[in-house]
Amino acid sequence: MEIVTVVKANGGCEADRRRLRRLRCSVKDYDWGKIGSDSLVYRVYAANSDVQIDPTRPYAELWMGTHESGPSYLEDADGSNGVTLRSWIAENPKSLGNRVLEKWGCDLPFLFKVLSVARALSIQAHPDKKLAKKMHKAHPNLYKDDNHKPEMALAYTQFEALCGFIPLQELKSVIRAIPEIEELVGSEEANQVFCISEHDEEKVKSVVRTIFTLLMSADPDTTKKIVFKLKRRLHLESQERQLTDKERLVLKLEKQYPNDIGVISAFFFNYVKLNPGEALYLGANEPHAYLFGECIEVMATSDNVVRAGLTSKPLDIQSLCSMLSYKLGYPEILKGSRIRPYITRYLPPFEEFEVDLCDLPSGASTVFPSVPGPSLLLVLQGEGRMSTEASADGISMGDVLFVPADTEIHLRSSSDLKLYRAGVNSRFLYSL
């Protein structure tokens, strides 16, 4: 569907620069994705694409942005793919706004995604900028860029994840309750956890680093034997008592990834269950694994992942264990703040991005005020009409649009409309 351009008598070039640009986006068929029409990614991609897609394959991630591993393309007037968004921005740098251009150059600083997770992703972490540069230089085939990758996941359905290390008191309970951990790391090392206080933060980090590194570094034969022993014990105990949520999760992970050290390491992490509309964010060097559900994800423009379990992809256990921050405690859950009628903002502590969620009832209208930075818009439900000073058009599920800096957007829904906006963090844009 072509966007109608409004050309005023004066400033036609300026109006064209502020015109919304429809995008065609890239999809990833990783094997942990949901299959065919069960996948939100599949349904969005089917609506966004003009090609026949296979309904029998997994559809894991939809990428919206400029990263070369999954570029977005401007939609030509005939509906076909045109130039990449990155190429268009390079020719139209003012579309980013001055502050973004000065800070990050001719590129979007964020990458926007939809995820449909049927089974657990790898236990992983993302490097900080210093480590990312080092890893990219040493292994450019594995680490495709030199950027850090803070990220935020906003639940679309109920969404489950492992995220960060559990608090110290809970870790002590885990070491007591799960004898298989002591078998893997040794009793002397495991018992160190009972000799430390949460007030000695550096000592806590040192002990947890030692125990976790020993666990993750266990040899495959020992791991196989201990995972089997753990599984057998939990199955027997389930006949006598109700297993905990974490124990049931561990049995589920063992079915998905038999004999994997990630099965036992799950006991070390917070088990987070997000309701739709809740979000969690992750900085560099924080361990996590998404488990199940569908979410909207935004991150700094990077695809750097260091993996250590629950995957058939290459592992880098020593790098992951050495890079982690070893902060203990439950992650902050963002519920968003209402910034105007029908619009809720999720604002993490990272300069590169924020997300707005617009839930617009049928027949209602609202406005996204102009901001001095670029945005990407994603429609996940309903239909409506979107207009700016320079263009106006109908929108529906599957539409993805690039919004240049300094562009005010007026929205009116013709059915219940759910729309997400990813943009540069407002604290950065408006900081002195």
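Nothing here was measured: the structure is a model prediction, and the numbers come from that model. Residue numbers start at 1 and run along the sequence shown.
From L121, atom CG reaches atom CD of Q124 across 6.0 Å, with rounding to the nearest 0.5 Å. The CD atom of E286 sits 11.5 Å away from atom CG of L280, with the distance rounded to the nearest 0.5 Å. With rounding to the nearest 0.5 Å, the separation of OG1 in T223 from CD1 in I226 is 8.0 Å. Atom NZ of K28 sits about 5.5 Å away from atom OG of S69, to the nearest 0.5 Å. L253 contributes atom CG, which lies 9.0 Å from atom CG of D260 (distance to the nearest 0.5 angstrom). Between atom CG of residue N259 and atom NZ of residue K231 there is a gap of 7.5 Å, rounded to the nearest 0.5 Å.
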Requested in this report: Could you check D146 against K134 for salt bridge (charged side-chain N to carboxylate O under 4.0 Å, His left out), going step by step and ending with a plain yes or no?
Outcome: CA-CA 8 Å; D146 62 359; K134 180 180 176 182; over 6 Å; no
Report task. Dump the intermediate steps for side-chain contact (heavy atoms from CB on, under 4.5 Å) on R248 and Q242, then the final yes or no. Result -> CA-CA 9 Å; R248 288 195 296 272; Q242 184 174 353; 3.9 Å; yes
Query - Test log, rule side-chain contact (heavy atoms from CB on, under 4.5 Å), inputs F212 and C321 - result: CA-CA 7 Å; F212 186 72; C321 291; 4.1 Å; yes
Report task. Start with the C-alpha gap between H410 and S365, add the side-chain angles, then the distance that decides, and say whether side-chain contact (heavy atoms from CB on, under 4.5 Å) holds. Result -> CA-CA 7 Å; H410 293 256; S365 60; over 6 Å; no
Query raised in the report: Under the side-chain contact (heavy atoms from CB on, under 4.5 Å) criterion, do V114 and M64 qualify, and how do the steps go?
Result: CA-CA 9 Å; V114 181; M64 298 163 281; 4.0 Å; yes
Query raised in the report: side chain to side chain donor-acceptor pair (under 3.5 Å) between R86 and S72: does it pass, once the steps are laid out?
Result: CA-CA 8 Å; R86 187 172 189 174; S72 295; over 6 Å; no
Query raised in the report: Where do D303 and K144 land on the salt bridge (charged side-chain N to carboxylate O under 4.0 Å, His left out) test, with the steps shown first?
Result: CA-CA 7 Å; D303 193 29; K144 302 292 179 67; 5.6 Å; no
Query - Test log, rule side chain to side chain donor-acceptor pair (under 3.5 Å), inputs S217 and Q318 - result: CA-CA 8 Å; S217 304; Q318 292 310 310; 3.0 Å; yes
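In this structure, the ring of W104 has its center less than 6.0 angstrom from the ring center of F428.
At distances below 3.5 Å, not a single donor-acceptor pair connects side-chain atoms of S319 with backbone N or O atoms of D316. Looking at D29, its side chain never comes within 3.5 Å of a backbone N or O of A60 through a donor-acceptor pair. Using modelled atom types, no side-chain atom of S39 and backbone atom of I35 make a donor-acceptor pair closer than 3.5 Å. Although no hydrogens or angles enter the test, the distance criterion places no donor-acceptor pair under 3.5 Å between the side chain of R57 and the main chain of G36.
Applying the salt bridge (Lys or Arg N to Asp or Glu O under 4.0 Å) test to residues at least two apart or on different chains, the pairs with a partner in residues 116-132 are D31-R119. Evaluation of the salt bridge (Lys or Arg N to Asp or Glu O under 4.0 Å) test over residues 329-341, restricted to residues two or more places apart or in two chains, returns E278-K335. Within the structure, ring pair (Phe, Tyr, Trp, His ring centres under 6.0 Å) contacts touching residues 364-408 (residues at least two apart or in different chains) are W88-F402. Pairs of residues two or more places apart, or lying in two chains, that qualify as ring pair (Phe, Tyr, Trp, His ring centres under 6.0 Å) and include a residue from residues 303-347 are F165-Y326.
Contact of the L85 side chain with the L376 side chain is registered, since non-hydrogen atoms from C-beta on lie closer than 4.5 Å. E254 has its side chain within reach of V227: a pair of non-hydrogen atoms, C-beta onward, lies under 4.5 Å apart. Side-chain contact between S302 and L111: absent, with no pair of heavy atoms (C-beta onward) separated by less than 4.5 Å. Counting heavy atoms from C-beta outward, T66 and T84 have side chains that stay 4.5 Å or more apart. A 4.5 Å side-chain heavy-atom check between H148 and E352 finds at least one atom pair inside the cut-off. Two residues are said to be in side-chain contact when any heavy atoms from C-beta on lie closer than 4.5 Å; P150 and M299 fail this criterion. Using a 4.5 Å heavy-atom threshold, the side chains of V379 and S396 count as separate. Between L20 and M386, the closest side-chain pair of non-hydrogen atoms falls below 4.5 Å.
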Scan the side chains in residues 167-176 for donor-acceptor partners under 3.5 Å anywhere in the protein, sequence neighbours excluded, and list what turns up.
unit_1, atom_1, unit_2, atom_2, d
K172, NZ, I196, O, 3.1
S173, OG, Q169, O, 3.3

For residues 416-425, which side-chain donor-acceptor pairs fall under 3.5 Å, sequence neighbours excluded?
unit_1, atom_1, unit_2, atom_2, d
D416, OD1, S362, N, 2.9
K418, NZ, D359, OD1, 2.9
K418, NZ, D359, OD2, 3.2
R421, NE, D356, OD2, 2.9
R421, NH1, S375, OG, 2.8
R421, NH2, E354, OE2, 2.5
R421, NH2, D356, OD2, 3.1
N425, OD1, R427, N, 2.9
N425, ND2, P348, O, 2.9
N425, ND2, F350, O, 2.8
N425, ND2, F353, O, 3.3

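Counting only N and O atoms by type, the side chains of S122 and T311 include no donor and acceptor under 3.5 Å apart. No donor-acceptor contact under 3.5 angstrom links the side chains of R412 and T366, judged on distance only.
For S414, there are no side chain to side chain donor-acceptor pair (under 3.5 Å) partners at least two apart in sequence or on another chain. Taking the ring pair (Phe, Tyr, Trp, His ring centres under 6.0 Å) definition, one finds that H288 meets it with H126, Y290, sequence neighbours left out. S312 is linked by a side chain to side chain donor-acceptor pair (under 3.5 Å) to nothing, counting only residues two or more places apart in sequence or in another chain. When the ring pair (Phe, Tyr, Trp, His ring centres under 6.0 Å) test is applied to F112, no partner is found at least two apart in sequence or on another chain. Remark: Y59 engages Y42 in a ring pair (Phe, Tyr, Trp, His ring centres under 6.0 Å) (not counting sequence neighbours). Y45 meets the side chain to side chain donor-acceptor pair (under 3.5 Å) test with no other residue; sequence neighbours excluded.
Atom CD of E408 sits in a crowded spot, with more than 12 heavy atoms from other residues, nucleotides or ligands closer than 6.0 Å. At most 12 heavy atoms of other shown residues, nucleotides or ligands fall within 6.0 angstrom of atom CD in E201. In N98, the CG atom is not crowded: 12 or fewer heavy atoms of neighbouring residues, nucleotides or ligands sit closer than 6.0 Å. The number of heavy-atom neighbours closer than 6.0 Å to NZ of K327, taken from other residues, nucleotides and ligands shown, is 12 or below.
Between Y30 and W32, the ring planes lie tilted relative to each other; the angle falls in the 30° to 60° range.
Between L401 and the choices E75, R19, R22, R21, the side-chain contact (heavy atoms from CB on, under 4.5 Å) rule is met once, by R22.
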